[in-house]
Amino acid sequence: MSIQKISFEESLEKIVSDEKCMGCAACVVCCPLNSLEYVEGKPKLVGKCTACGICAQLCPQYALPRQAMEKFVFGREKTIEEDFGIYRRIVIARTTDERILQVCQDGGVVSTLLTVALKNGIINGAVVSGISNEKPFYPVPKLVTNPEEVLECAGTRYSYSPNMLAFREGVKDKEAKLAFVGTPCQINVIRNMQMLPLKKYAKALDFTIGLMCTETFTYEGLMEKHIQGVMGIDLQNVTKINIKGKILVATKSNEVKGIPLKVAKQYARKTCDLCTDFSSELADISTGGLGMTGWTLTILRTKKGEEMFEYAQRKGLLEIKPVEQEKRAVNLLIRLSKLKRRKQL
Ligand SMILES: Cc1cc2nc3c(=O)[nH]c(=O)nc-3n(C[C@H](O)[C@H](O)[C@H](O)COP(=O)(O)OP(=O)(O)OC[C@H]3O[C@@H](n4cnc5c(N)ncnc54)[C@H](O)[C@@H]3O)c2cc1C
């Protein structure tokens, strides 16, 4: 694919100043001259720009070639009826691994797939989001290489984690075979990298797991200002945060306190309002909780994704229940996908 020559100043600087930047860090990671730095969640030009155009080409906010990417992944574009993208099969699944079940967000499908892929040499690393040592629930991009690390990174942090930065770490190993876990905006960038292709990254990527995502919240707003400040909960005492109709904050004293989504909205990142993809439509596998407790709604989209899932199932590490038993979750998937897609029109 040919890349339009354009400088960072002419393209992405405007995206940043217009507050449209998602902070995915793809431009920073892929600048061939390493002229961009990731500063306060945004790219900053700190070196020479030769207007190669790669940063603009990759940016999910500049000119995302959505239809071309669908063709690249699935061999065709999605139809208007395919509310949440192209897929092969939907399953309601959960892990059979007790240790994962204790720390995962929903059914532990993501951590189980990564674990089985690592243990069996399908991948030698996975790009996920870990937790900062200093700030509870503050997400940090992380490259994990063994099941113990996968376990440490399980669960959801609802603030933005530029996982692309960990992908850059991963591809330094020329033998890397990586899985990438991320939000829809990040999966889109990954597919764009594969399609171009940016060979170093495309070669290292084995499969992608997309997380369904309505929006992300600023850490300073949701965690520090609201949960700590307004609700008076010491963040060190928070054991889990989940969203099931409202934001549920569980603490060490086994209490669960709720924050209405209308109240939390003030802390949502404004750029997330520009996103039109709820269910990570270009991932090999998409996962979401969708109001269920202890189960992950799992969309197997590509052959690779389906094979990975079936492999874990054959090893007895994932169990499923009929999707008909969770009609509400599927209806919610359709509703949230349509809501986001409407922004495109
Ligand atoms: C910001 C955000 C918003 C979400 N919003 C929704 C929603 O509106 N509706 C819905 O149904 N599902 C949503 N999800 C997905 C849901 O929370 C679960 O991640 C998903 O159901 C998988 O659960 P699991 O138990 O299989 O995953 P687990 O086995 O617990 O694994 C979760 C994986 O996600 C990674 N991760 C955690 N936080 C982040 C982050 N901030 N960015 C990138 N990776 C991360 C972890 O490192 C881990 O590998 C959201 C996830 C995120 C990160």
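Remember, it's 1-based here, ligands and their atoms both numbered in the order they're listed.
When non-hydrogen atoms are compared, ligand 1 lies under 4.0 Å from the side chain of N163 (C-beta onward) but not from its backbone. Residue-level proximity to ligand 1 for S159 is carried by the backbone, the only part with a heavy atom below 4.0 angstrom. Contacts with ligand 1 closer than 4.0 Å are made by side-chain heavy atoms of T296 only, the backbone lying farther away. Looking at L211 against ligand 1, only its side chain comes within 4.0 Å, counting heavy atoms. With a 4.0 Å cut-off on non-hydrogen atoms, V110 touches ligand 1 through its backbone as well as its side chain. Under 4.0 angstrom from ligand 1, the non-hydrogen atoms of F278 all belong to its side chain.
Here the protein heavy atom with the shortest distance to atom 41 (N) of ligand 1 is R157 O, 2.8 Å. Ranking protein heavy atoms by distance to atom 5 (N) of ligand 1, first place goes to M212 O, 3.2 Å. Looking from atom 1 (C) of ligand 1 to the surrounding protein, the closest heavy atom is T216 CG2, 3.5 Å. The shortest contact between atom 28 (P) of ligand 1 and any protein heavy atom is with S111 OG, 3.6 Å. Nearest to atom 10 (C) of ligand 1 among the protein's heavy atoms is G289 N, 3.7 Å. Counting protein heavy atoms only, atom 22 (C) of ligand 1 is closest to T287 OG1, 3.6 Å.
Set against the non-hydrogen atoms of C153, the atoms of ligand 1 under 4.0 Å away are 46 (C), 47 (O), 48 (C).
Taking the centre of each ring, Y138 and Y219 come in below the 6.0 Å mark.
The heavy atom nearest to atom 8 (O) of ligand 1, out of those in L333, L318, T115, T214, is found in T214. Among V103, I209, T156, the residue whose heavy atom lies closest to atom 19 (O) of ligand 1 is T156.
Cation-pi geometry between R269 and Y160 is satisfied (NZ or CZ under 6.0 Å from the ring centre, within 45° of the ring normal).
Look at L290 and you'll find a heavy atom under 4.0 Å from some atom of ligand 1.
Using a 30° and 60° split on the angle between ring planes, Y201 and F167 fall in the tilted class, from 30° to 60°.
Counting non-hydrogen atoms of neighbouring residues, nucleotides and ligands closer than 6.0 angstrom, the OH atom of Y87 reaches no more than 12 such neighbours.
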